[in-house]
Amino acid sequence: MTAYDPDNIFAKILRGEIPSTRVYEDDETLAFMDIMPRADGHLLVIPKTPCRNVLDATSDQLAAVMSTVQKLARAAKAAFDADGVTIQQFNEAAGGQEVFHLHFHVLPRFEGVSMRPPGNMGDFDLIAEHAEKIRAALD
Ligand code: 5GP
(Lines give C-alpha, C1' and ligand atoms only; values in the text may rest on other atoms or scores of the structure.)
Protein backbone atom coordinates (compact mmCIF):
# COMPACT_ATOMS: atom_id res chain seq x y z
CA MET A 1 0.00 0.00 0.00
CA THR A 2 1.22 3.52 -0.79
CA ALA A 3 2.72 5.32 2.20
CA TYR A 4 0.83 8.12 3.96
CA ASP A 5 1.67 11.52 2.44
CA PRO A 6 2.06 14.09 5.26
CA ASP A 7 1.49 16.89 2.73
CA ASN A 8 -2.06 15.89 1.80
CA ILE A 9 -4.68 18.66 2.11
CA PHE A 10 -6.27 17.33 5.29
CA ALA A 11 -2.89 16.99 7.02
CA LYS A 12 -2.33 20.67 6.16
CA ILE A 13 -5.77 21.53 7.58
CA LEU A 14 -4.89 19.63 10.79
CA ARG A 15 -1.64 21.61 11.11
CA GLY A 16 -3.49 24.87 10.45
CA GLU A 17 -1.46 25.51 7.30
CA ILE A 18 -4.61 26.01 5.22
CA PRO A 19 -7.93 27.36 6.47
CA SER A 20 -10.99 25.26 7.22
CA THR A 21 -14.39 25.79 8.81
CA ARG A 22 -14.10 23.66 11.93
CA VAL A 23 -17.29 22.39 13.54
CA TYR A 24 -16.08 20.06 16.28
CA GLU A 25 -12.87 18.57 17.60
CA ASP A 26 -11.64 16.38 20.43
CA ASP A 27 -8.25 14.88 21.23
CA GLU A 28 -8.47 12.30 18.45
CA THR A 29 -10.75 13.68 15.73
CA LEU A 30 -11.72 16.81 13.79
CA ALA A 31 -14.93 17.66 11.91
CA PHE A 32 -14.97 20.48 9.35
CA MET A 33 -17.12 21.61 6.44
CA ASP A 34 -16.53 20.28 2.90
CA ILE A 35 -15.68 23.17 0.56
CA MET A 36 -17.60 21.53 -2.30
CA PRO A 37 -20.79 20.56 -0.46
CA ARG A 38 -22.97 18.00 -2.19
CA ALA A 39 -25.76 18.86 0.27
CA ASP A 40 -26.29 21.72 2.73
CA GLY A 41 -24.37 20.82 5.91
CA HIS A 42 -21.94 18.42 4.14
CA LEU A 43 -19.04 17.90 6.54
CA LEU A 44 -16.01 15.67 6.89
CA VAL A 45 -14.73 13.78 9.94
CA ILE A 46 -11.06 12.80 10.18
CA PRO A 47 -8.67 11.31 12.73
CA LYS A 48 -5.94 13.67 13.97
CA THR A 49 -3.35 10.93 13.52
CA PRO A 50 -2.10 9.83 10.09
CA CYS A 51 -3.68 7.06 8.00
CA ARG A 52 -4.71 6.96 4.33
CA ASN A 53 -8.09 5.29 4.71
CA VAL A 54 -9.95 2.34 6.25
CA LEU A 55 -7.41 -0.09 4.80
CA ASP A 56 -4.48 1.06 6.96
CA ALA A 57 -6.36 2.62 9.92
CA THR A 58 -6.02 1.08 13.37
CA SER A 59 -9.09 -0.06 15.25
CA ASP A 60 -8.52 2.82 17.69
CA GLN A 61 -8.53 5.37 14.86
CA LEU A 62 -11.70 3.86 13.41
CA ALA A 63 -13.44 3.75 16.78
CA ALA A 64 -12.62 7.39 17.51
CA VAL A 65 -13.69 8.57 14.06
CA MET A 66 -16.94 6.59 14.05
CA SER A 67 -17.90 7.98 17.43
CA THR A 68 -17.45 11.52 16.07
CA VAL A 69 -19.27 10.60 12.84
CA GLN A 70 -22.29 9.53 14.90
CA LYS A 71 -22.14 12.69 17.01
CA LEU A 72 -22.00 14.91 13.91
CA ALA A 73 -24.62 12.90 12.00
CA ARG A 74 -27.07 13.42 14.86
CA ALA A 75 -26.20 17.12 15.14
CA ALA A 76 -26.40 17.74 11.37
CA LYS A 77 -29.76 15.93 11.12
CA ALA A 78 -31.14 18.01 13.99
CA ALA A 79 -29.61 21.29 12.71
CA PHE A 80 -31.30 20.98 9.31
CA ASP A 81 -34.36 19.05 10.48
CA ALA A 82 -33.31 16.53 7.82
CA ASP A 83 -35.14 13.30 7.01
CA GLY A 84 -31.94 11.25 7.00
CA VAL A 85 -28.15 11.31 6.80
CA THR A 86 -25.81 9.79 4.21
CA ILE A 87 -22.36 8.66 5.40
CA GLN A 88 -19.81 8.15 2.59
CA GLN A 89 -16.23 6.91 2.70
CA PHE A 90 -13.86 6.02 -0.18
CA ASN A 91 -10.65 3.95 -0.23
CA GLU A 92 -7.84 4.53 -2.77
CA ALA A 93 -8.30 6.19 -6.17
CA ALA A 94 -10.10 3.18 -7.64
CA GLY A 95 -12.55 3.39 -4.75
CA GLY A 96 -13.26 7.06 -5.42
CA GLN A 97 -10.84 8.57 -2.88
CA GLU A 98 -9.27 11.92 -3.82
CA VAL A 99 -7.70 13.07 -0.55
CA PHE A 100 -5.52 10.43 1.10
CA HIS A 101 -6.16 11.04 4.79
CA LEU A 102 -9.00 8.91 6.20
CA HIS A 103 -12.27 10.83 6.13
CA PHE A 104 -15.98 10.19 6.38
CA HIS A 105 -18.53 12.41 4.62
CA VAL A 106 -21.66 13.31 6.61
CA LEU A 107 -24.53 14.64 4.49
CA PRO A 108 -27.97 15.66 5.78
CA ARG A 109 -30.63 14.38 3.33
CA PHE A 110 -34.26 15.10 2.49
CA GLU A 111 -36.87 12.81 0.94
CA GLY A 112 -36.78 13.13 -2.86
CA VAL A 113 -33.77 15.50 -2.95
CA SER A 114 -30.67 14.22 -4.79
CA MET A 115 -27.13 15.10 -3.78
CA ARG A 116 -25.61 17.86 -5.90
CA PRO A 117 -22.91 16.81 -8.42
CA PRO A 118 -19.33 16.70 -7.06
CA GLY A 119 -16.65 19.30 -7.74
CA ASN A 120 -18.58 22.56 -7.35
CA MET A 121 -17.12 25.09 -4.92
CA GLY A 122 -19.61 26.17 -2.27
CA ASP A 123 -20.49 29.69 -1.12
CA PHE A 124 -18.22 30.41 1.86
CA ASP A 125 -20.72 32.60 3.74
CA LEU A 126 -23.39 29.92 3.39
CA ILE A 127 -20.97 27.18 4.51
CA ALA A 128 -20.08 29.28 7.58
CA GLU A 129 -23.81 29.69 8.34
CA HIS A 130 -24.38 25.95 8.04
CA ALA A 131 -21.38 25.23 10.29
CA GLU A 132 -22.83 27.52 12.94
CA LYS A 133 -26.18 25.70 12.81
CA ILE A 134 -24.44 22.35 13.32
CA ARG A 135 -22.29 23.73 16.17
CA ALA A 136 -25.44 25.02 17.88
CA ALA A 137 -27.08 21.57 17.55
CA LEU A 138 -24.04 20.00 19.26
CA ASP A 139 -24.50 22.09 22.39
P1 5GP B 1 -12.93 11.97 -1.42
O2 5GP B 1 -11.45 11.79 -1.19
O3 5GP B 1 -13.76 11.36 -0.33
O4 5GP B 1 -13.36 11.52 -2.78
O5 5GP B 1 -13.26 13.51 -1.45
C6 5GP B 1 -12.52 14.48 -0.79
C7 5GP B 1 -13.46 15.59 -0.34
O8 5GP B 1 -12.66 16.62 0.18
C9 5GP B 1 -14.35 16.19 -1.43
O10 5GP B 1 -15.70 16.15 -1.01
C11 5GP B 1 -13.85 17.62 -1.56
O12 5GP B 1 -14.88 18.54 -1.83
C13 5GP B 1 -13.22 17.86 -0.21
N14 5GP B 1 -12.10 18.81 -0.24
C15 5GP B 1 -11.09 18.84 -1.15
N16 5GP B 1 -10.22 19.82 -0.86
C17 5GP B 1 -10.69 20.42 0.26
C18 5GP B 1 -10.20 21.51 1.07
O19 5GP B 1 -9.17 22.14 0.79
N20 5GP B 1 -10.95 21.85 2.14
C21 5GP B 1 -12.11 21.19 2.48
N22 5GP B 1 -12.75 21.60 3.57
N23 5GP B 1 -12.59 20.15 1.74
C24 5GP B 1 -11.88 19.78 0.66
Side-chain angles (χ1 to χ4, degrees):
M1 187 165 179
T2 312
Y4 179 82
D5 172 11
D7 285 327
N8 73 76
I9 293 168
F10 295 167
K12 290 180 179 176
I13 284 176
L14 277 168
R15 293 194 295 265
E17 292 168 8
I18 62 171
S20 64
T21 305
R22 295 178 179 224
V23 175
Y24 170 85
E25 69 182 295
D26 57 27
D27 288 348
E28 292 159 297
T29 63
L30 171 67
F32 57 99
M33 303 305 286
D34 197 299
I35 46 166
M36 293 179 250
R38 300 195 59 197
D40 289 352
H42 181 177
L43 58 89
L44 302 167
V45 179
I46 66 175
K48 287 187 171 177
T49 48
C51 60
R52 279 173 73 82
N53 52 46
V54 159
L55 302 172
D56 65 336
T58 65
S59 52
D60 284 350
Q61 285 173 315
L62 292 175
V65 168
M66 285 315 297
S67 171
T68 301
V69 165
Q70 183 187 48
K71 187 187 287 277
L72 272 295
R74 286 173 170 164
K77 183 174 182 295
F80 289 86
D81 198 19
D83 299 317
V85 179
T86 296
I87 311 284
Q88 282 187 322
Q89 193 278 322
F90 306 106
N91 299 279
E92 298 300 326
Q97 187 175 11
E98 292 180 352
V99 178
F100 296 96
H101 181 107
L102 174 64
H103 56 280
F104 284 78
H105 299 254
V106 176
L107 299 116
R109 300 296 303 279
F110 293 88
E111 292 294 347
V113 179
S114 301
M115 287 197 289
R116 296 191 282 268
N120 296 311
M121 199 60 80
D123 176 290
F124 278 85
D125 290 339
L126 195 56
I127 288 173
E129 241 178 67
H130 293 162
E132 190 47 48
K133 278 172 79 143
I134 299 169
R135 277 186 216 108
L138 278 166
D139 294 340

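Just so you know, ligand 1 is whichever comes first in the structure, and atom 1 is the first atom listed for that ligand.
- Separating the CG atom in Asn53 from the CG atom in Asn91 is a distance of 4.5 Å, to the nearest 0.5 Å.
- Rounding to the nearest 0.5 angstrom, the gap separating the CG atom in Asp7 from the NZ atom in Lys12 is 5.0 Å.
- Taken from CG in Leu14 to CD1 in Ile9, the straight-line distance is 12.5 Å, to the nearest 0.5 Å.
- Less than 6.0 angstrom separates the ring centroid of His103 from the ring centroid of His105.
- Atom OG1 of Thr68 sits about 9.0 Å away from atom CG of Leu30, to the nearest 0.5 Å.
- Screening Phe32, Phe100, Tyr4 for a ring pair (Phe, Tyr, Trp, His ring centres under 6.0 Å) with Phe10, the sole residue that qualifies is Phe32.
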Output, or 'none' if empty, a list of ligand 1-protein atom pairs in which both atoms are N or O and the distance is under 3.5 Å, rounded to 0.1 Å.
residue  : atom   : partner : partner atom : Å
ligand 1 : 2 (O)  : Glu98   : N            : 2.6
ligand 1 : 2 (O)  : Val99   : N            : 3.0
ligand 1 : 2 (O)  : His103  : NE2          : 3.0
ligand 1 : 3 (O)  : His103  : NE2          : 2.5
ligand 1 : 3 (O)  : His105  : NE2          : 2.7
ligand 1 : 4 (O)  : Gly96   : O            : 2.8
ligand 1 : 4 (O)  : Glu98   : N            : 3.4
ligand 1 : 10 (O) : Asp34   : OD1          : 3.4
ligand 1 : 10 (O) : Asp34   : OD2          : 2.5
ligand 1 : 12 (O) : Asp34   : OD1          : 2.5
ligand 1 : 22 (N) : Met33   : O            : 2.8

